[in-house]
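Below: the structure, in structure tokens.
Below, chains carry the letters A, B, ... as their sequence lines are ordered, and counting in each starts from 1.
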2 protein chains.
Amino acid sequence: MGLREVKRERTRRLIADKAFELFSDNGFGRTTVEQIAAAAEVGPSTLYRYFPTKEGLVLEFVDDCLADAVDWFHQQPSMELPDGLRAVIERVLEQLEANPDRVRAVFDLAEQNGSVSAHLNELIWRFRNDLADVLIRRLPGDDLRNLEFVAALSAGIAMNVIENVVRVWVDHPGTVDAKTLARQAMRLLSSGGVPLPGTHDA
Amino acid sequence: MGLREVKRERTRRLIADKAFELFSDNGFGRTTVEQIAAAAEVGPSTLYRYFPTKEGLVLEFVDDCLADAVDWFHQQPSMELPDGLRAVIERVLEQLEANPDRVRAVFDLAEQNGSVSAHLNELIWRFRNDLADVLIRRLPGDDLRNLEFVAALSAGIAMNVIENVVRVWVDHPGTVDAKTLARQAMRLLSSGGVPLPGTHDA
DNA sequence: AGCCATATGGTAGTCACTACCAAAATCCTA
DNA sequence: TAGGATTTTGGTAGTGACTACCATATGGCT
């Protein structure tokens with residue numbers, strides 16, 4: 001790895017770190033990209049070469065975690081669907097737990113700013129789609145339309161578990177373990193602890 | 001109702017209609033709010049008095065549907081959780097089905113533009129939160145933290161069903177009935193047709 | 001050292017959105 | 001129905017995110 005890439009990584013980290021600093025001090029809305037660029041000692045145009053949007057500064061970490069989990073799952077040997085879902089869920093949570101402060105900061109910013117929240121939700125949505133794509137290839141059956149439907153529902157379940165575990169984990173720091181909570185959620189879902197809406201007709 | 005409110009409603013509809021027209025002709029990104037305002041024969045500042053953002057022009061209908069469903073559910077007599085979830089799901093789908101073209105247009109725009117997609121996802125996220133709030137009051141138990149958790153998971157399930165049903169419904173127009181599809185999804189979830197991740201430990 | 005590829009900073013411009021003010025339209029009452 | 005109070009409107013000026021572009025500087029290689 002040449003000096004160039006080292007420097008690029010350093011600049012990228014510097015910009016993101018300064019951004020989080022300013023956001024947590026002054027709030028997302030009251031911080032301009034010019035201020036961030038100045039704090040990182042780069043020009044605004046350089047900042048935009050590293051990050052696509054102001055929100056991207058905040059969300060890159062979560063994005064990386066989710067993208068990594070999809071890639072990882074894609075490379076895993078084939079396994080039964082329930083185990084697969086459990087594996088992705090735990091993989092994502094592990095990745096997020098590796099940097100708890102960043103995760104908390106991201107969720108704080110999303111709570112205080114609608115645009116950050118919107119972009120975060122879109123990120124999650126894309127993850128769900130990507131996960132569904134991977135799932136399609138793992139599911140048996142030949143009715144593609146139905147396969148897509150089941151895969152998307154499954155991906156939605158996984159994301160539902162992840163989101164809610166992270167929320168509790170963020171809201172009550174230190175008192176819960178993410179993986180334990182996730183297993184609790186899965187047990188609730190699979191055992192009927194969360195009553196699912198069935199239909200009574202024939 | 002005075003003339004004032006009538007005129008206000010007419011202006012509001014006119015702006016939204018012209019916006020959809022321009023968006024579908026030229027795309028969301030290639031349409032400026034000035035063009036929309038000009039087409040509706042109002043000033044840009046008037047447009048912003050009616051709609052908070054450019055994306056709001058697109059999403060107001062969906063927002064209304066979801067908000068209405070939450071209100072409606074809030075006023076319903078108490079019922080068992082599974083039936084309650086089924087009722088909200090069907091209520092939302094009914095509302096959306098009342099204006100299929102608009103729904104399709106919204107999803108087309110969301111697909112072609114990241115910002116619209118982001119705001120749509122945030123809308124959905126807020127609906128899920130609101131629904132969870134209503135659910136909390138309906139669930140038995142006294143452990144608030146666990147109650148919140150179960151309510152959020154349940155709201156997530158409902159939204160998961162709705163999103164996927166709408167997606168299929170939008171992608172394959174005319175070939176499926178939303179309510180039938182929703183019942184199919186619920187049956188899959190509740191009967192284990194979608195294998196849920198359980199845990200094998202003690 | 002010197003050449004090539006890439007990274008950077010600055011400029012100018014577009015567009016979404018806000019704050020504000022003066023004029024017009026609506027309504028209410030004497 | 002005239003006139004004043006209130007709401008609605010359109011315009012102006014400004015901020016800030018983001019883009020396209022270009023000249024310069026910097027690291028990589030022979």
Side-chain angles (χ1 to χ4, degrees), chain A residues 1-16 18-20 22-23 25-60 109-110 112-120 122, chain B residues 1-16 18-20 22-23 25-60 63 109-110 112-120 122-123:
Chain A
M1 184 156 71
L3 174 59
R4 228 165 210 169
E5 300 176 45
V6 172
K7 212 172 171 185
R8 233 179 11 222
E9 280 316 298
R10 198 185 318 166
T11 307
R12 163 177 286 273
R13 286 186 73 93
L14 182 66
I15 294 173
K18 289 291 178 186
F20 269 93
L22 288 169
F23 288 155
D25 285 352
N26 312 338
F28 184 83
R30 285 181 220 290
T31 307
T32 68
V33 290
E34 258 182 277
Q35 289 169 355
I36 299 166
E41 293 173 309
V42 296
S45 51
T46 299
L47 187 150
Y48 276 110
R49 240 172 243 115
Y50 282 94
F51 298 92
T53 62
K54 196 180 167 189
E55 290 82 11
L57 282 164
V58 176
L59 297 175
E60 190 183 54
L109 289 172
Q112 87 184 225
N113 183 276
S115 184
V116 176
S117 174
H119 281 76
L120 174 60
E122 209 220 345
Chain B
M1 183 157 72
L3 174 59
R4 233 168 207 165
E5 300 175 44
V6 173
K7 215 174 170 181
R8 235 184 2 224
E9 280 313 301
R10 198 185 316 163
T11 307
R12 164 176 283 274
R13 288 184 71 92
L14 182 65
I15 293 173
K18 289 290 179 187
F20 269 94
L22 288 169
F23 288 156
D25 285 353
N26 312 338
F28 184 82
R30 286 180 221 292
T31 308
T32 68
V33 289
E34 257 183 278
Q35 289 169 355
I36 299 167
E41 293 173 310
V42 297
S45 52
T46 300
L47 187 149
Y48 276 109
R49 240 173 245 114
Y50 283 94
F51 299 92
T53 62
K54 196 180 167 190
E55 290 82 12
L57 283 164
V58 175
L59 297 174
E60 192 183 54
D63 197 17
L109 288 172
Q112 88 183 224
N113 185 275
S115 185
V116 175
S117 173
H119 281 75
L120 174 59
E122 209 220 344
L123 219 72

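Per the geometry, CZ belonging to Phe51(A) stands 15 Å off P belonging to dT19(D), to the nearest Å. A straight line from CD of Glu55(A) to C1' of dG16(D) spans 12 Å, rounded to a whole angstrom. In this structure, Arg8(A) places its CZ atom 13 Å from C1' of dT8(C), rounding to the nearest Å. Counting to the nearest Å, the P atom of dC17(C) and the CD atom of Glu34(B) are 13 Å from each other. Counting to the nearest Å, the P atom of dT6(C) and the CD atom of Glu5(A) are 12 Å from each other. Between Glu41(B) atom CD and dT8(D) atom C1' the separation is 17 Å, expressed in whole Å. The CZ atom of Phe28(B) sits 14 Å away from the P atom of dC15(C) (whole-angstrom rounding). The CG-C1' distance, from Asn26(A) to dG16(D), rounds to 16 Å in whole Å.
Closest approach to the Tyr48(A) side chain among dG27(D), dT9(D), dA17(D) is made by dA17(D) (side chain taken as heavy atoms from C-beta onward). Considering only the side chain of Arg49(B), dT9(D) comes nearest among dT9(D), dA25(C), dT6(C). Distances from the side chain of Tyr50(B) to the nucleotides dT9(D), dC17(C), dA7(C) place dT9(D) closest. Distances from the side chain of Val33(B) to the nucleotides dA16(C), dG10(C), dC18(D) place dA16(C) closest. With dG10(D), dA25(C), dT7(D) as the candidates, the nucleotide lying closest to the side chain of Val42(B) is dG10(D).
For the atom pair CG (Asp63(B)) and CG (Leu123(B)), the distance works out to 4.0 Å, reported to the nearest 0.5 Å. Between the CG atom of Leu120(A) and the CG atom of Leu109(A) there is a distance of 10.5 Å, given to the nearest 0.5 Å.
Applying the 4.0 Å criterion to OP1 and OP2 of dC18(D), one finds that Lys54(A) has every side-chain N and O outside that range. Distances shown here put every side-chain N or O of Arg4(B) at or beyond 4.0 Å from the OP1 or OP2 atom of dT8(D). Here Thr46(A) reaches the OP1 or OP2 of dG9(C): one of its side-chain N or O atoms lies under 4.0 Å away.
Using a 4.0 Å heavy-atom cutoff across all strands shown, Thr32(B) reaches sugar-phosphate atoms only and no base atom. Note on Thr31(B): only backbone sugar-phosphate atoms sit closer than 4.0 angstrom, heavy atoms only; bases stay farther off.
At distances below 3.5 Å, at least one donor-acceptor pair connects side-chain atoms of Thr31(A) with backbone N or O atoms of Gly27(A). The main-chain N or O of Glu41(A) is never found under 3.5 Å from a side-chain atom of Lys18(A) such that the two would form a donor-acceptor pair.
Comparing Ser45(B) and Lys7(B) by the nucleotide of DNA chain C whose heavy atom lies nearest to each, the residue mapping closer to the 5' end is Ser45(B). Of the two residues contacting DNA chain D, namely Gly29(A) and Pro44(B), the nearest-nucleotide position lying further toward the 5' end is that of Pro44(B).
More than 12 non-hydrogen atoms from other residues, nucleotides or ligands lie less than 6.0 angstrom from CD of Gln112(B).
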